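This report concerns only the one structure given below.
Treat the numbers as computed from the prediction; the structure is a model and nothing was measured. All chains are named by letter (A, B, ...) in the order of the sequence lines, taking the proteins before the strands, and each is independently numbered beginning at 1.
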2 protein chains.
Amino acid sequence: MVTKLTSELFNFHEALTPADDRLTREVLERITARWSLAVMRILAEADGPLRFSRVLERVQGISQKALTQTLRTLERDGLITRTLYPQVPPRVEYELTTLGRDLLVPVASLWRWIAGRLPDFAAAQALRRDL
Amino acid sequence: MVTKLTSELFNFHEALTPADDRLTREVLERITARWSLAVMRILAEADGPLRFSRVLERVQGISQKALTQTLRTLERDGLITRTLYPQVPPRVEYELTTLGRDLLVPVASLWRWIAGRLPDFAAAQALRRDL
DNA sequence: CCGAATCCAATTGGATACTG
DNA sequence: CAGTATCCAATTGGATTCGG
């Protein structure tokens with residue numbers, strides 16, 4: 001019965017307060033924002049702290065401004081840490097937190113699911129190229 | 001070994017062509033855009049076709065313009081269908097496709113995961129309210 | 001080296017008015 | 001009813017410059 005399946009999917013949602021619901025949505029949006037996942041993937045693959053300029057090099061296409069903004073947001077959400085070494089010139093290192101690493105598991109699942117259904121998405125778009 | 005775990009998460013990614021990689025990212029972004037999930041949830045819960053105005057009523061806070069745009073995008077991606085009944089006044093009905101319903105499964109998992117770790121996110125934000 | 005500040009172009013979003 | 005069109009305010013994003 002499709003009805004029950006789809007509505008049960010979001011049952012957990014009703015247990016949330018409006019404030020919690022909003023926070024959940026906000027986190028979901030920030031996680032999936034333009035550069036968040038790309039930056040988190042670089043940090044995950046690095047398996048250790050990375051300097052600002054290393055991240056900038058490895059995230060292809062990102063601007064300095066966008067990287068700064070992305071790192072700030074990820075830090076606010078507790079997904080990465082920022083460590084400043086007050087030297088001259090200064091050194092700043094970023095690293096995934098446990099929360100950040102844990103998050104990549106369900107995110108990768110969704111990503112993988114989309115990649116697996118790519119023919120469906122490509123076909124849908126091809127059919128409606130005139131819209 | 002954390003290294004292997006995190007890097008394996010995205011192994012599938014390397015099998016994608018650059019074009020497929022881009023399409024995957026695009027779909028992921030559109031799915032998680034401001035109103036997409038809210039609209040899909042309404043359609044999922046309706047368990048049947050819904051008229052434009054019914055969706056507009058039930059998605060709290062959405063503007064008519066934003067709803068139109070969201071529905072168009074979901075249709076292009078093959079996640080919903082749009083059926084026009086050329087009456088006067090016209091009637092238009094929207095409904096989830098199988099692809100759309102399937103998608104809600106991994107999406108709900110991610111959503112649920114975030115909701116489950118909400119204390120972590122709230123704590124992180126509280127600590128850094130000064131940033 | 002890291003990033004804040006500034007300037008400017010482009011995109012987005014709401015509100016309103018109008019049409020088949 | 002279900003949009004499209006238009007106007008306008010606000011946000012976003014790149015490029016560049018400057019500073020600790």
Exercise. Atom CD of A/Glu57 and atom C1' of C/dC2: how far apart are they, to the nearest Å?
Worked result: 14 Å
Problem set entry | Protein-nucleotide distance (A/Glu29, atom CD; C/dG13, atom P), rounded to Å | 10 Å
Exercise. Closest to the B/Gln64 side chain: D/dA15, D/dT4, D/dA2?
Worked result: D/dT4
For this session: Return the nearest nucleotide to the side chain of B/Lys65; candidates are C/dA4, C/dA15, C/dC1.
Result: C/dA15
Exercise. How long is the span from the OG1 atom in B/Thr70 to the CG atom in B/Leu79, to the nearest 0.5 Å?
Worked result: 12.0 Å
Exercise. Could you state the interatomic distance from CG (B/Leu74) to CD1 (B/Ile31), rounded to the nearest 0.5 Å?
Worked result: 9.0 Å
For this session: Could you state the atom-to-atom distance from CZ of B/Phe52 to C1' of C/dG20 in whole Å?
Result: 16 Å
For this session: Evaluate the ring planes of A/Phe121 and A/Trp113, with Trp represented by its six-membered ring, and classify them as parallel (under 30°), tilted (30 to 60°) or perpendicular (over 60°).
Result: perpendicular
Problem set entry | Spacing between B/Leu67 atom CG and C/dG13 atom C1', to the nearest angstrom | 14 Å
Exercise. Under 4.0 angstrom, heavy atoms only, what part of the nucleic acid is B/Arg82 near: base, sugar-phosphate, or nothing?
Worked result: sugar-phosphate
Exercise. If we ignore angles and hydrogens, is there a donor and acceptor under 3.5 Å between the side chains of A/Glu57 and A/Ser53?
Worked result: no
Exercise. Which pair of non-hydrogen atoms, one from A/Val59 and one from A/Ile62, has the smallest distance, and what is that distance?
Worked result: O-CG2, 3.2 Å
Problem set entry | Most 5' of A/Trp35 and B/Thr68 on DNA chain D, judged by nearest nucleotide | B/Thr68
For this session: Answer with base, sugar-phosphate or nothing: what part of the nucleic acid does A/Tyr94 contact at a heavy-atom distance below 4.0 Å?
Result: sugar-phosphate
Exercise. Rounded to the Å, how far apart are B/Arg72 CZ and D/dA2 P?
Worked result: 12 Å
For this session: Select from A/Arg34 and A/Pro90 the residue whose nearest nucleotide in DNA chain D is closer to the 5' end of that strand.
Result: A/Arg34
Seminar exercise, completed: Atom CG of B/Leu56 and atom P of D/dA2 are separated, to the nearest Å, by 9 Å
For this session: Tell me whether the OP1 or OP2 atom of C/dC2 has a side-chain N or O from A/Arg91 closer than 4.0 Å.
Result: no
Exercise. Could you give the CD-to-P distance, from B/Glu93 to D/dC1, as a whole number of Å?
Worked result: 14 Å
Problem set entry | Earlier contact from the 5' end, DNA chain C, for B/Ser63 and B/Pro89 | B/Ser63
Seminar exercise, completed: In whole angstroms, the gap separating C1' of C/dG3 from CG of A/Leu84 amounts to 11 Å
